[in-house]
Amino acid sequence: MKVLTVVGARPQFIKAFPVSQALRESHEEVFVHTGQHYDEGLSDIFFEELAIPEPDYHLGVGSASHATQTAEMMTGIESLIDEESPDVVLVYGDTNSTLAAAIVAAKEDVAIAHVEAGLRSENWSMPEEVNRVLTDHASDLLFAPSESAAENLREEGLTAGVHVTGDVMHDAVLHARTRAQDYSSITDDLGVDDGEYVLATVHRAGNTDDPERLEAIMSGLSASPAPVVFPAHPRTVGALEQHGLWETYADEMRLIEPVGYLDFVRLLDGAERVATDSGGVQKEAFYLDTPCVTLRNETEWTETVECGWNVLVGARESDIRTALTQQFAPEENPPLYGDGTAATRILDALNYA
Ligand code: UD1
Ligand code: UDP
């Protein structure tokens, strides 16, 4: 089987890594990087650390408005599908790179396989929600991380080709956790001790592009009694600078460049808790037994909230402050999203499709 994998943003390199490794043992994979993320710390570092082979094609699309970015990706992907004639186009998650590949493959009549199918925030103002729903409805194979994701698909009339595989990020974290313990010196480099700092990430458009929300988040985080380590996405750095918040908060917390995956997993593993608006980080926190404060009003990963490891605080400053001090780590850590063997399950489903 010839599989054309399309990725473009940081979390997709991480999600693709375990699947690509399994896939390449018995199939041909053509690996396409759209170039949605292009900074060394958001792209190359993951290929180096995770030993992902160099992309066969790099579309070099870069940053632009949603329409321009998606259209440029589509033009590039269309040519590649014509040139490579894949049996399957494999996409991950919910970025513009995901949707661009799905639309083109649907019109080229190539089977589409979607990893992380069925996630819903029910918030249609999120670009990612639009990308997820449209991609799922174009897909032939829908790899859902949980029964509840499969149920979301059923509610939208999608039942054919649905496989509950667990979450590929669980596979990735299990691999990285052990390596990170040996490889990473980030906590020493930053001078923080395990269990005595808060890790924070913010990059969601709904938070960065609204100065009031962004300021409330920064103010809430800076009230943490423990030091806050904050690897800042370039989108967030730009917004903090634009709204005159950088100078205020650079002194209040450890604002650093984005870090590689092994350093990030090490930081997350050692953190007393994490505050984030990331989708991936909420799950990784759960796998690593790190309590999570989610800086959003809703989440796609509802089970992490239901079982007590995650609290939703939105951008409400006082709720953020409270959540950074309250105790909320339960004893139980049930297997919500599989057991770290999602890549094998995905491969099995592809083989028998
Ligand atoms: C994208 C995804 C989001 C995902 C996130 C992962 C969409 C709509 N959004 O958001 O779902 O959670 O990736 O991190 O697909 N920039 C750089 N260097 C880079 C990349 C981006 O400086 O290498 C800056 C640019 O100013 C750019 C901004 O970040 O305009 C936003 O980048 P973009 O790829 O459009 O969206 P993300 O916020 O990264
Ligand atoms: N991550 C990383 N370095 C960082 C911040 C995050 O390696 O400085 C990893 C994190 O472990 C997770 C992924 O990036 O696997 C999450 O990506 P992001 O938050 O950008 O996107 P989302 O998951 O919200 O789509």
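As the structure lists them, so they are numbered: ligands from 1, and atoms in each ligand from 1. The shown structure was predicted, so the numbers you read here are calculated from the model rather than taken from an experiment.
- Donor-acceptor pairing under 3.5 Å is lacking for the side chains of Thr159 and Arg154.
- Protein heavy atom nearest atom 23 (O) of ligand 2, with residue, atom name and distance: Gly280 N, 2.8 Å.
- Atom 8 (O) of ligand 2 has as its closest protein heavy atom Val259 N, 3.0 Å.
- More than 12 heavy atoms of other residues, nucleotides or ligands lie within 6.0 Å of CD in Gln326, so this atom counts as buried by the packing criterion.
- At a heavy-atom distance under 4.0 Å, only side-chain atoms of Phe264, from C-beta outward, approach ligand 2.
- Around the CD atom of Glu54, the shell of radius 6.0 Å holds no more than 12 heavy atoms that belong to other residues, nucleotides or ligands.
- In this structure, the protein non-hydrogen atom closest to atom 7 (O) of ligand 2 is Phe46 CE2, 3.3 Å.
- Backbone and side-chain nitrogen or oxygen atoms of His233 are examined, and one is located within less than 3.5 angstrom of a nitrogen or oxygen of ligand 1.
- At the top of the distance list for atom 12 (C) of ligand 2, counting protein heavy atoms only, stands Glu284 OE1, 3.2 Å.
- Between Tyr337 and Trp301, a ring centre-to-centre spacing shorter than 6.0 Å is recorded.
- The atoms of ligand 2 that sit less than 4.0 Å from any heavy atom of Pro231 are 8 (O).
- For Thr98 (side chain) and Thr95 (main-chain N/O), a donor-acceptor pair under 3.5 Å exists by modelled atom type.
- At a heavy-atom distance under 4.0 Å, only side-chain atoms of His203, from C-beta outward, approach ligand 2.
- Taking a 6.0 Å sphere around NZ of Lys2, one finds it holds more than 12 heavy atoms contributed by other residues, nucleotides or ligands.
- Ile14 CD1, 3.8 Å is the protein heavy atom nearest to atom 13 (C) of ligand 2.
- Around CD of Glu84, the count of heavy atoms belonging to other residues, nucleotides or ligands within 6.0 Å exceeds 12.
- When the options His37, His33, His58 are evaluated for a ring-ring contact (aromatic ring centres under 6.0 Å, His included) with Phe47, the one that passes is His33.
- Ligand 2 is never approached by Glu128 to a heavy-atom distance shorter than 4.0 Å.
- Among Ala172, Pro11, Gly260, the residue whose heavy atom lies nearest to atom 25 (O) of ligand 2 is Pro11.
- Considering only non-hydrogen protein atoms, atom 26 (O) of ligand 1 sits nearest to Ser63 OG, 4.5 Å.
- The N/O atoms of His203, backbone and side chain alike, include one that comes under 3.5 Å of an N/O atom in ligand 1.
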Residues Arg345, Asp339; criterion salt bridge (Lys or Arg N to Asp or Glu O under 4.0 Å); working and verdict: CA-CA 11 Å; Arg345 287 166 200 269; Asp339 56 3; 3.6 Å; yes
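- Under the 3.5 Å distance criterion, with hydrogens and angles disregarded, a donor-acceptor pair is assigned to the side chains of Gln282 and Thr299.
- Listed for the Thr75 side chain is a donor-acceptor partner under 3.5 Å among the backbone atoms of Ala71.
- Residue Gly238 places no heavy atom under 4.0 Å from ligand 1.
- Proximity of Ser43 to ligand 1, defined as any heavy-atom pair under 4.0 Å, is not found for any part of the residue.
- Ring planes of Phe143 and His163: tilted class, angle from 30 to 60°.
- At a 4.0 Å cut-off, at least one heavy atom of Arg204 sits close enough to ligand 2 to count as contact.
- Both the backbone and the side chain of Ser278 come within 4.0 Å of ligand 2, counting heavy atoms alone.
- For ligand 1, the atoms closer than 4.0 angstrom to any heavy atom of Pro234 are 16 (N), 17 (C), 18 (N), 22 (O).
- Heavy-atom contacts of Glu128 reach the following atoms of ligand 1: 3 (C), 9 (N), 11 (O) (cutoff under 4.0 Å).
- Summary of contacts: the protein heavy atom closest to atom 6 (C) of ligand 2 is Arg10 CZ, 3.6 Å.
- Each of the atoms 8 (C) of ligand 1 lies under 4.0 Å from some heavy atom of His66.
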